[in-house]
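Indexing begins at 1, ligand by ligand and atom by atom, following the structure's order.
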Amino acid sequence: MSFQNPVFIPGPTNIPEVLRKAMDMPTIDHRSPLFAQILHPALAGVKKVLKTEAAEVFVFPATGTGGWETALTNTLSPGDTVLAARNGMFSHRWIDMCQRHGLNVEVIEVPWGEGLPADRYEEILTADKEHRIKAVLATHNETATGVLSDIAAIRRAMDAAGHPALFFVDGVSSIGSVDFRMDDWGVDIAVTGSQKGFMLSAGLAITAFSPKALAAVEAAKLSRCFFDIRDMAKGYAANAYPYTPAVGLLNGLKLSTEMLLGEGLENVFARHHRIAEGVRAAVHAWGLELCATSPAVYSDTVSAIRTPEGFDANRVVGHALQKYGVAFGTGLGEVAGKVFRIGHLGSLTDVMALSGLATAEMVMADLGLDVVPGSGVAAAQAVYRGATGTAQQEAA
Ligand SMILES: *Cc1c(COP(=O)(O)O)cnc(C)c1O
């Protein structure tokens, strides 16, 4: 494995040098004023990235999965019903976690490759006259299939049904890379992690709670201890944690939010969109198909690419790693062996993306697939040459 090549897995993502340095800190006293100067700007930066003024941010030493658990255990009680759609491995895992916590999950089954169906959410919520459903779950970007769903549409569905459930959104592979509007979309809990859009090592579960979610915490009966946001809030009020904080990661988070806001969120989103358009142009030139079934749901952070029938897509990933020292993502769950994934989020430029596409072409040609080396790269170059602005240079 070469450490010089970028990775093209959809998380953990490439870590910019400045963020690596920011995470590499000597030990400080985490009860000293110095820690407050790291903690509070990091929390404030996350709020800006989430486009929220109303929510409170809680960051745990964990990963995105710990963020899911934080959302559930702080607001729900055993036996509560939640509504969730399953359209890939990540939405599946969140549903599984709900069930293991003794929640009753009403699951909307969605073919993998499609987006979350706001109309089905609306039907079910409208039919739930007694308001049995306490929370609605949605995975903004299904990382397994490369599908971005319309979160605003699900909020509209909840409003159309006049349903008071809380609204929890997994934004682990979208936040910091594509537009996320916590307040505008009426999201009650947003969940992410440090190792995707924030371009850091894994190790932080990043959550934000709306006032409505905060109001549900006292009555919630699911057992929680490490992830209790009441302890965390008490800690923050004293410029501290209820336990030892991951100081280096938090310092990284502070700088990461400064970088994203410095580039300008809209520029960050435009950069991700442009890079993704180049990847999609390449996939088209290769004569291959995306797992995502329509342009309306194409993800700007990850593309899951179907290999021809009968060809094991894992061979692409294995060969790329072994021969060229480049990491792509494998297929997960239902699409294991059917797709390989190119992650294109975080610290990435057009030029870096071209190197990944060139590698994928060499790999596919080596493996005897009918792909003309250079075809996808040329298609992506056409997209990138048409790009304006300097955001791709600045992001490096
Ligand atoms: C990566 C990911 C997760 C899980 O995050 P971990 O940090 O690995 O626990 C959850 N949801 C989505 C959509 C993801 O992409």
Side-chain angles (χ1 to χ4, degrees), residues 7-15 23 46 50 58-73 82 84-98 100-101 110 112-116 137-151 154 168-180 187 189-208 226-227 246 249 252-253 256 272 276 291-292 297-304 327-336 339-346 348:
V7 294
F8 295 95
I9 46 177
T13 62
N14 298 293
I15 306 174
M23 288 187 280
V46 170
L50 295 172
F58 301 98
V59 180
F60 294 87
T63 68
T65 304
W68 286 340
E69 190 152 315
T70 301
L72 303 179
T73 58
V82 304
R86 171 161 40 213
N87 67 337
M89 199 62 189
F90 292 90
S91 40
H92 166 72
R93 284 187 189 150
W94 202 7
I95 288 167
D96 176 58
M97 176 185 278
C98 290
R100 288 159 69 173
H101 274 292
V110 180
W112 289 31
E114 290 183 10
L116 303 181
L137 275 52
T139 299
H140 189 198
N141 190 76
E142 180 43 83
T143 318
T145 56
V147 163
L148 185 78
S149 289
D150 185 348
I151 296 302
I154 297 174
F168 302 165
V169 179
D170 171 343
V172 180
S173 63
S174 60
I175 288 167
S177 306
V178 302
D179 200 14
F180 190 92
V187 174
I189 303 182
V191 174
T192 187
S194 48
Q195 80 276 24
K196 296 189 185 173
F198 287 110
M199 307 169 283
L200 302 165
S201 304
L204 297 178
I206 300 166
T207 68
F226 186 82
F227 290 120
L249 273 161
L253 184 61
S256 164
H272 279 80
C291 180
V297 298
Y298 286 170
S299 165
D300 282 345
T301 63
V302 52
S303 296
F328 295 111
T330 56
L332 303 173
E334 268 184 34
V335 291
V339 305
F340 71 97
R341 294 175 300 153
I342 299 183
H344 35 81
L345 74 163
L348 210 64

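Shortest contact from atom 3 (C) of ligand 1 to any protein heavy atom: F90 CD2, 3.5 Å. Nearest to atom 14 (C) of ligand 1 among the protein's heavy atoms is K196 NZ, 2.9 Å.
Residue-ligand proximity, T65 to ligand 1, at heavy-atom distances under 4.0 Å covers atoms 4 (C), 5 (O), 6 (P), 9 (O). Under a 4.0 Å criterion applied to the non-hydrogen atoms of T63, ligand 1 contributes the atoms 6 (P), 7 (O), 9 (O).
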Kindly indicate, with the supporting measurements, whether the criterion ring-ring contact (aromatic ring centres under 6.0 Å, His included) is fulfilled by H140 and F180.
-> CA-CA 9 Å; H140 189 198; F180 190 92; 5.6 Å; yes
Full working for side-chain contact (heavy atoms from CB on, under 4.5 Å) between F198 and L253 = CA-CA 7 Å; F198 287 110; L253 184 61; 3.8 Å; yes
Begin with the C-alpha distance, continue with both residues' side-chain angles, and end with the deciding distance and a verdict on side-chain hydrogen bond (donor to acceptor under 3.5 Å, both in side chains) for D170 and W68.
-> CA-CA 8 Å; D170 171 343; W68 286 340; 3.0 Å; yes
For side-chain contact (heavy atoms from CB on, under 4.5 Å), just list the numbers for V7 and F328, CA-CA rounded to whole Å, side-chain angles, deciding distance to a tenth of an Å, and then say yes or no.
-> CA-CA 7 Å; V7 294; F328 295 111; over 6 Å; no
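Taking distance alone, with nitrogen or oxygen atoms compared against 3.5 Å, T139 stays at or beyond that limit from ligand 1. Checked against a 3.5 angstrom limit, the closest N/O atoms of W68 and ligand 1 fall outside it. The distance criterion of under 3.5 Å between nitrogen or oxygen atoms is met by T143 with respect to ligand 1. Ligand 1 has an N or O atom lying under 3.5 Å from an N or O atom of G64, backbone or side chain.
When non-hydrogen atoms are compared, ligand 1 lies under 4.0 Å from neither the backbone nor the side chain of H140. Proximity of R93 to ligand 1, defined as any heavy-atom pair under 4.0 Å, is not found for any part of the residue.
Counting only distance, with no hydrogens or angles, the side chain of R86 and the backbone of S91 share no donor-acceptor pair below 3.5 Å. Although no hydrogens or angles enter the test, the distance criterion places no donor-acceptor pair under 3.5 Å between the side chain of T207 and the main chain of G67. A donor-acceptor pair under 3.5 Å is formed between the side chain of S299 and the backbone N or O of T301.
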